[in-house]
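Shown next, in structure tokens, is the structure this report addresses.
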There are 2 protein chains.
Amino acid sequence: MNMEDTQADTARDGTVGDDGPSTKPELDLNQFLPYRLNSLADRISQALAQLYEERYQLNIAQWRVLAWLSHCDELTAKKVCAYTNMDKARVSRAIQALEDRGLISRTPSPRDQRLHDLHLTPAGQVLLAELIPAAQAWEAELVATLTAGEYRDLLNVMRKLERQLERIGDKG
Amino acid sequence: MNMEDTQADTARDGTVGDDGPSTKPELDLNQFLPYRLNSLADRISQALAQLYEERYQLNIAQWRVLAWLSHCDELTAKKVCAYTNMDKARVSRAIQALEDRGLISRTPSPRDQRLHDLHLTPAGQVLLAELIPAAQAWEAELVATLTAGEYRDLLNVMRKLERQLERIGDKG
DNA sequence: CGAGCATAGTTGCTTTTGAAACTATATGTC
DNA sequence: GACATATAGTTTCAAAAGCAACTATGCTCG
């Protein structure tokens with residue numbers, strides 16, 4: 001943070017002549033949305049993780065499986081992959097860990113033996129009955145300084161970015 | 001997505017009597033800001049990464065070091081850690097890789113032999129002269145659907161969240 | 001000055017992750 | 001019905017990441 005004696009910045013307007021005609025490109029990551037968004041999301045994730053990591057020994061993949069299970073009545077590993085954009089190996093390991101701990105059960109689907117239907121066990125339900133309100137309370141505190149309008153606009157803008165991202169990704 | 005024959009959902013309003021008085025807590029991750037933000041940031045990062053990974057064989061840590069170097073005249077590994085919230089081992093390895101490729105130089109600071117001042121080599125400058133405009137163009141396309149106001153508001157809200165995050169983190 | 005503490009950066013080690021190979025089940029075609 | 005192909009999920013293996021120990025330098029206070 002000690003910037004008082006950085007003098008090269010005086011050339012920022014490109015008026016220095018001896019370095020060629022094209023102004024040197026600079027990227028201020030603090031003004032660069034992908035970086036800022038990633039940084040913010042990282043910090044939020046890390047802070048929230050304390051809720052489920054320390055208190056319940058869950059990693060983020062396990063937490064996500066449980067959260068999806070809390071409001072999906074039929075869930076498979078495949079669906080978790082699709083919903084969360086996580087690798088199937090990662091999901092597989094998360095599910096296995098949760099099963100080993102007795103938090104979820106895994107039954108082969110009668111319709112298709114390749115699929116395994118996931119369900120919360122009573123123990124899992126108990127855990128979530130504690131964890132979900134805590135997570136919601138934490139989120140409420142996080143957004144406490146936002147007005148209702150700001151919160152709504154934020155979600156709208158995020159939706160816009162998601163759509164635009166798909167559009168960009170499609171055409172390359 | 002095939003939900004037409006999931007019948008357990010009929011109990012969603014908590015009117016089922018035999019499962020206790022407290023309504024089952026559900027967490028819809030799609031309405032949960034930490035998840036949504038993380039998901040969006042992940043997708044953006046991943047899409048952007050194609051710019052510097054495929055074309056320039058840079059990973060995200062290396063890209064960040066270069067980007068900071070593009071507008072910091074004095075940079076050390078320590079500062080990169082502070083700015084980017086990355087682990088110092090990760091930063092150290094990124095710096096080493098960049099030096100091995102001749103994109104940056106690393107000179108012990110004359111003031112303090114523990115510090116190493118980082119600088120772009122000409123080769124590094126050439127690379128950035130290509131990469132930075134490409135990254136900025138990509139970002140511009142990403143935010144193309146946002147109005148100026150939406151963009152400004154987004155950054156403002158992100159700043160608010162960052163500040164609130166620190167406040168929450170401080171008190172636990 | 002010198003002993004003890006702090007700091008910048010590197011290295012070693014363990015865990016986590018992701019890509020790809022693999023298993024087992026299902027489907028489609030002839 | 002048999003063969004080719006697709007899909008869900010697991011396992012294996014190599015690369016990446018994080019923690020902690022370590023090195024080297026600098027600082028503080030007696």
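First the proteins, then the strands, lettered A, B, ... as listed; each starts at 1.
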Item to complete: Name every residue in residues 99-110 of chain A that has at least one heavy atom under 4.0 Å from any atom of DNA chain D, in order of residue number, or write none if there are no such residues.
Response: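 Heavy-atom contacts with DNA chain D come from A:Arg106.
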
Worksheet entry | Within residues 31-44 of chain B or reaching into it, pairs that qualify as salt bridge (Lys or Arg N to Asp or Glu O under 4.0 Å) - sequence neighbours excluded |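 Sorted result for residues 31-44 of chain B: A:Glu162-B:Arg36.
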
Practice prompt. Could you name each residue pair satisfying salt bridge (Lys or Arg N to Asp or Glu O under 4.0 Å) that touches residues 84-102 of chain A, not counting sequence neighbours?
Written response: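 Matches after skipping sequence neighbours: A:Glu99-A:Arg106.
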
Worksheet item: Mind checking what makes side chain to side chain donor-acceptor pair (under 3.5 Å) contact with A:Asp112, not counting sequence neighbours?
Response: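 For A:Asp112 the side chain to side chain donor-acceptor pair (under 3.5 Å) partners, ignoring immediate neighbours, are A:Arg114.
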
Practice prompt. Could you list the residues that satisfy side chain to side chain donor-acceptor pair (under 3.5 Å) with A:Arg55, not counting sequence neighbours?
Written response: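 Not a single residue meets the side chain to side chain donor-acceptor pair (under 3.5 Å) criterion with A:Arg55.
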
Response to the item:
Note: for B:Asp112 and B:Gln96 on DNA chain C, the residue whose nearest nucleotide lies more 5' is B:Asp112

Worksheet item: Ignoring hydrogens and geometry, is there a side-chain-to-backbone donor-acceptor pair from B:Thr84 to B:Val80 under 3.5 Å?
Response: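 Yes; judged by distance alone, with no hydrogens or angles, the pair exists.
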
Fill in: Under 3.5 Å: donor-acceptor pair, side chain of B:Glu26, backbone of A:Ile132
no

Worksheet entry | Presence of B:Ser92 side-chain N/O under 4.0 Å of C:dT10 phosphate oxygens OP1/OP2 | yes

Worksheet item: Quick one: salt bridge (Lys or Arg N to Asp or Glu O under 4.0 Å) partners of B:Glu130, sequence neighbours excluded?
Response: none

Practice prompt. Please list, chain by chain and in numerical order, all residues satisfying salt bridge (Lys or Arg N to Asp or Glu O under 4.0 Å) with A:Glu150, sequence neighbours excluded.
Written response: B:Lys160

Worksheet item: Can you pull the contact range of chain A along DNA chain D, 5' to 3', using atoms under 4.0 angstrom from its heavy atoms?
Response: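 In short, chain A contacts DNA chain D from D:dA6 to D:dT12.
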
Worksheet entry | Cluster link A:Met158 to B:Tyr151, ILVMFWY, side chain under 4.5 Å | yes

Without decimals, in angstroms, what is the distance between [X] [atom1] and [N] [atom2]?
X       : N      : atom1 : atom2 : answer
A:Leu58 : C:dT16 : CG    : P     : 13 Å
A:Arg64 : C:dT17 : CZ    : C1'   : 14 Å
A:Asn59 : C:dT15 : CG    : C1'   : 11 Å
B:Gln46 : C:dT17 : CD    : P     : 14 Å

Short heteroatom pairs, N/O only, protein and nucleotides 19-21 of chain C, under 3.5 Å:
none

Could you tabulate the donor-acceptor pairs under 3.5 Å formed by side-chain atoms of residues 115-122 of chain B, not counting sequence neighbours?
{"unit_1": "B:Thr121", "atom_1": "OG1", "unit_2": "B:Gly102", "atom_2": "O", "d": "2.6"}
{"unit_1": "B:Thr121", "atom_1": "OG1", "unit_2": "B:Leu103", "atom_2": "O", "d": "3.0"}
{"unit_1": "B:Thr121", "atom_1": "OG1", "unit_2": "B:Ala123", "atom_2": "N", "d": "3.4"}
{"unit_1": "B:Thr121", "atom_1": "OG1", "unit_2": "B:Gly124", "atom_2": "N", "d": "3.1"}

Practice prompt. Report the distance from atom CG of B:Leu27 to atom CZ of A:Arg64, rounding to the nearest 0.5 Å.
Written response: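 It is 11.5 Å, given to the nearest 0.5 Å.
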
Discussion item. What's the separation between atom CG in B:Asp153 and atom CG in A:Leu154, rounded to the nearest 0.5 Å?
Written reply: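 Here the interatomic distance stands at 10.5 Å.
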
Practice prompt. Only pairs at least two apart or in different chains count here, so list each ring-ring contact (aromatic ring centres under 6.0 Å, His included) that has a residue in residues 46-69 of chain B.
Written response: B:Tyr52-B:Trp63, B:Trp68-B:His71, B:Trp68-B:Tyr83

Tabulated below should be each protein N or O lying under 3.5 Å from an N or O of nucleotides 4-7 of chain C; please produce it.
{"unit_1": "C:dT7", "atom_1": "O4'", "unit_2": "B:Arg114", "atom_2": "NH1", "d": "3.3"}
{"unit_1": "C:dT7", "atom_1": "O2", "unit_2": "B:Arg114", "atom_2": "NH1", "d": "3.0"}

